[in-house]
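Worksheet: the structure to be examined is printed underneath.
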Amino acid sequence: MAMSSSAAYVGTTVSSDNLKGFILAVVSGAFIGSSFIIKKKGLKRAGASGPRASSGGYGYLLEPLWWVGMVTMIVGEIANFVAYMFAPAVLVTPLGALSIIVSAVLAHFLLKEKLTKMGILGCVLCMVGSTVIVLHAPDERTLTSVEEIWELATQPAFLLYTTSAIAVVLVLMLYCGPRYGQTNMMVYIGICSIIGSLTVMSIKAIGIAIKLTLEGNNQATYFQTWVFAMVAITCIITQLNYLNMALDTFNTTVVSPVYYAMFTSLTIFASAIMFKDWSGQSASSIVSELCGFITVLSGTTVLHSTREPDPSPLTDSYTPLSPKISWQVNGELWKQKDDEGLSPDFVTIIQQDYFT
């Protein structure tokens, strides 16, 4: 009887921890989603008076609005950090979908980046998928010291993932970045997402260490705690740098969902390898979580497909002159108007027959 009461208490505590993690993750998503927009406006202001971040400029560091966005993001990340203390990454990370919705809605009103009806559908899909994941999320694994986390981080499977991730990031940074970074957003977002998965693992380790320390089991005496801290700081700085470059180069409402999709996928994969989140769960629960995640990814894809591309930077300083065409049709003079475009078939005829 006593054993049954103890098990019930543990189950209640675990569920309570998941609820805390859920609330913190929602707050985090709201703040982070807002920070995308605030930072974007700051980057635009800084780019108007000096080199843009996408060109290697750091003028945004002197822009107060960018710092407001930075503080907002830090608040969101702190809430996210604390959420990882209470709930598994499989629950916390997908709830970042809220940041996409906040970012898309604010971009519609503040940045004039139009959100279409299909974009609204994408937001709804993100919310539905997140709800399914929350309802079937696994309970957090109980760890008693940072040494246990270190053993999980040094197991062969996770070491293989870490080595592969670092190798891919170096290729993207050193080879793809200089050549394709300005035209293909997957370069910058790929770096942010891969590094982000390692960031979450190290942050979760630090969060657990802090939680254990507050409970009276000091983890600051272990060197592993400080190794995780150094890894987290390095990864965060790298993420922020390349995220700034992606935001300054490409449309915010495209960057946000694509970054979320890649980051969440890689984080869940890394967490499943390192912390074995799905160990002990039933097949139906795992399938439900995967379905929820696929629904979220579908929502981000819909958002991505409905966004308008950013205008070419050349349009601000150079506008090509369109030729005016006129001819007679059935004795009447026809002239091209300024707001009339030429059909592709007509352009093809002109190109083929102009010099014959």
Side-chain angles (χ1 to χ4, degrees), residues 32 35-36 39 43 52-58 60 70 73-74 77 80-81 84 89-90 92-94 96 99-100 149-150 152-207 224 226-250 252 254-275 277 293 297 300 304:
I32 292 175
S35 74
F36 275 107
K39 287 173 66 179
L43 288 168
R52 299 175 61 181
S54 57
S55 303
Y58 293 93
Y60 58 85
M70 196 62 205
M73 175 171 276
I74 290 172
E77 292 294 352
N80 199 48
F81 172 77
Y84 281 113
V90 175
V92 175
T93 307
S99 68
I100 300 175
I149 306 174
W150 183 259
L152 295 174
T154 54
Q155 60 184 309
F158 190 73
L159 286 177
L160 177 61
Y161 174 81
T162 303
T163 304
S164 303
I166 293 173
V168 172
V169 165
L170 289 175
V171 171
L172 290 174
M173 284 182 177
L174 302 178
Y175 179 79
C176 299
R179 291 169 175 80
Y180 312 112
Q182 295 295 309
T183 57
N184 191 333
M185 69 177 180
M186 299 307 294
V187 175
Y188 296 150
I189 294 178
I191 295 172
C192 293
S193 302
I194 296 171
I195 292 295
S197 67
L198 299 179
T199 302
V200 171
M201 298 304 101
S202 55
I203 282 179
K204 186 166 179 61
I206 297 169
Q224 291 95 333
W226 301 104
V227 172
F228 284 128
M230 291 301 297
V231 171
I233 292 171
T234 303
C235 291
I236 288 171
I237 292 173
T238 305
Q239 270 185 274
L240 288 176
N241 183 47
Y242 282 93
L243 182 58
N244 281 332
M245 296 172 73
L247 284 172
D248 193 42
T249 308
F250 305 100
T252 306
V254 174
V255 171
S256 299
V258 175
Y259 171 56
Y260 166 80
M262 289 189 64
F263 167 70
T264 305
S265 301
L266 291 171
T267 299
I268 290 177
F269 182 62
S271 183
I273 295 174
M274 180 173 171
F275 291 100
D277 292 324
F293 182 57
L297 290 183
T300 59
H304 173 44

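Computation of the quantities below employed the complete heavy-atom set of this structure, encompassing side-chain atoms and omitting hydrogens, waters and symmetry-equivalent molecules.
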At their closest point, which heavy atom of [X] faces which heavy atom of [Y], and how far apart are they?
X: Cys192; Y: Leu243; result: SG-N, 3.3 Å
X: Pro178; Y: Met173; result: CD-O, 3.4 Å
X: Gly181; Y: Val187; result: CA-CB, 4.3 Å
X: Gln182; Y: Thr249; result: O-CG2, 3.7 Å
X: Gln155; Y: Met274; result: NE2-O, 3.1 Å
X: Lys204; Y: Tyr84; result: NZ-O, 2.8 Å

Taking atom [atom1] of [X] and atom [atom2] of [Y], what is their separation to the nearest 0.5 Å?
X: Met201; Y: Leu152; atom1: CE; atom2: CG; result: 11.0 Å
X: Phe36; Y: Tyr259; atom1: CZ; atom2: OH; result: 6.5 Å
X: Leu170; Y: Ile191; atom1: CG; atom2: CD1; result: 9.5 Å
X: Thr234; Y: Leu198; atom1: OG1; atom2: CG; result: 11.0 Å
X: Thr264; Y: Phe293; atom1: OG1; atom2: CZ; result: 5.5 Å
X: Ile189; Y: Met245; atom1: CD1; atom2: CE; result: 12.5 Å

pair [X]-[Y]: side-chain heavy atoms closer than 4.5 Å:
X: Phe228; Y: Ile149; result: yes
X: Phe275; Y: Val90; result: no
X: Thr93; Y: Phe263; result: yes
X: Val227; Y: Trp150; result: yes

Check the pair Phe81, Ile206 against side-chain contact (heavy atoms from CB on, under 4.5 Å), reporting the backbone distance first and the verdict last. CA-CA 9 Å; Phe81 172 77; Ile206 297 169; 4.0 Å; yes
Plane angle bin for Phe269 and Tyr161 - parallel if under 30°, tilted between 30 and 60°, otherwise perpendicular: perpendicular
Within the side chain of [X], is there an N or O that forms a donor-acceptor pair under 3.5 Å with the backbone of [Y]?
X: Glu77; Y: Ile32; answer: no
X: Ser202; Y: Thr199; answer: yes
X: Ser271; Y: Thr267; answer: no
X: Asn241; Y: Ile237; answer: no
X: Ser197; Y: Ile194; answer: yes

